[in-house]
Amino acid sequence: MGSTGAHEANANATLLERIASMRDTLTPTARRIGDVICEDAALVARIGIEDLAERTGTSTASVNRFCRMLGLAGYTELRLVLAGEAGRGGPADRHDPDADPSGDIPADADAETTVALLASSTVHAIRRTAELLDTSDLDRLAGAVAEAGQVQVFAFGGSADVAHYLAAQLTGIGVPTLTSADVHTAAAYAVTLGPNDVAIAISHSGRAVQAIELLDLARSRGATTAAVTSSAVSPLAADADVTLATTARTATYRYRGTAGRHAQLFVTDALYVRVAQRRAESARQLLDLAGAATARYQLGPSKKPARKAAPKPAKPGTKQTPRQAGRSSERTRSSSSRTSNPHH
């Protein structure tokens, strides 16, 4: 039932992004070939088929099958496509500052190098997600959310943090939104859904069993269903009414927990803003009320928390008035009581 936008996004993806999005569905042999291509596409664009087969521990026949699976005529076309993407400054170009870093960040990399690699990965993930995102599907989902009686977000593992963020954002502009990283609680929420409600499942791979099953349950209750995933060919995307595609390739599959998470947050922010635009007047009022309610917890630009000044000790030889002496005696008794009472 998946949306046409998901298939268009996958068609617009680069070859490396398509390979990465298919990784979980590949055979072990095809996966080895795909991993080597993604880790050093510029090298694969230069070497022959025998060399690639040797590097992947496979055969030339396996490499040719892999190429045909991608819809290519053979290995020659694979090399041409990779070289073309590199020439356009795409992910295959290892000198492109926006390209994802290939392989693991070395354990001995210094802080400057590590930060640069992570920044490059994150920037590229968001940029590619913006290119892949189908805005008509985004608006379709935003319209449903804006009018929904309730919204539920299903996400587990690392994606659960993104789900909690989205739920808080939508609730803050008057759209009741529930989420739980506990599958039993999430299932209890799901059975309360109805035809006027929306269920959104977030999964980078699109293969999280809990998210798939709960989205199926939401559909059986009549709710509009949506998926936020990097894989347009995943079971989650195939079953959703609407799919919002994140980048299909971060910094290779090893970096899904960093750049992939930023891509998910970018999509959820885009959804939140489009919903807020549809509910502009009420959303503005609610945000203003929330700001006023929490203003007392914010310090002014030059204010510091007030502190009580400690009483100055009397100078030696200074005579205290009876009132001062009484206060001093009272403080001494209070201090002694706190010291001797273990419950203080």
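Hydrogens, waters and symmetry mates are skipped; everything else that's a heavy atom, side chains included, is used.
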query: What residue among L178, L170, T179 forms side-chain contact (heavy atoms from CB on, under 4.5 Å) with V153?
result: T179

query: Taking atom types as modelled, is there a side-chain donor on Q152 or T192 under 3.5 Å from an acceptor on the other?
result: yes

- line: Scanning both residues in full, the closest heavy-atom pair of A160 with A181 reads CB-CB, 4.0 Å

Side-chain hydrophobic cluster, 4.5 Å single linkage: members besides L193: F154, F156, V183, V191, I212, L214, L215, L217, L236

- line: Value for CD1 (I202) from OG1 (T268), rounded to nearest 0.5 Å, stands at 6.0 Å

statement: The side chain to side chain contact (heavy atoms under 4.5 Å, CB included) partners of E50 (sequence neighbours excluded) come to T60

statement: Sorted by chain and number, sequence neighbours left out, side-chain hydrogen bond (donor to acceptor under 3.5 Å, both in side chains) with R284 holds for none

- prompt: Sequence neighbours excluded, which residues qualify as salt bridge (charged side-chain N to carboxylate O under 4.0 Å, His left out) partners of D161?
  reply: none

- prompt: How many angstroms lie between atom CG of L271 and atom CG of D137, to the nearest 0.5 angstrom?
  reply: 11.5 Å

message: Which heavy atom of P235 sits nearest to which heavy atom of R207, and what is that distance?
response: CD-NH1, 3.6 Å

query: Do R18 and S21 have side-chain N/O donor and acceptor atoms under 3.5 Å apart?
result: no

- request: Linking directly or through intermediates, with side-chain heavy atoms under 4.5 Å: list the remaining ILVMFWY members grouped with L289, chain and number order.
  value: none

task: Ignoring hydrogens and angles, state whether a donor on the side chain of D139 or S136 is under 3.5 Å from an acceptor on the partner side chain.
output: no

message: Would you say that more than 12 heavy atoms from the other residues, nucleotides or ligands in this model lie under 6.0 Å from the CD of Q277, or not?
response: yes

query: Tell me, which pairs form a salt bridge (Lys or Arg N to Asp or Glu O under 4.0 Å) where one or both residues lie in residues 209-218, sequence neighbours left out?
result: D216-R219

message: Please tell me whether E17 and T14 have a donor and an acceptor in their side chains that are separated by less than 3.5 angstrom.
response: yes

message: Distance alone, cut at 3.5 Å: any donor-acceptor contact between the side chains of T58 and T56?
response: yes

query: Just checking, is any N or O donor in the side chain of T225 or D241 under 3.5 Å from an acceptor N or O on the other one?
result: yes

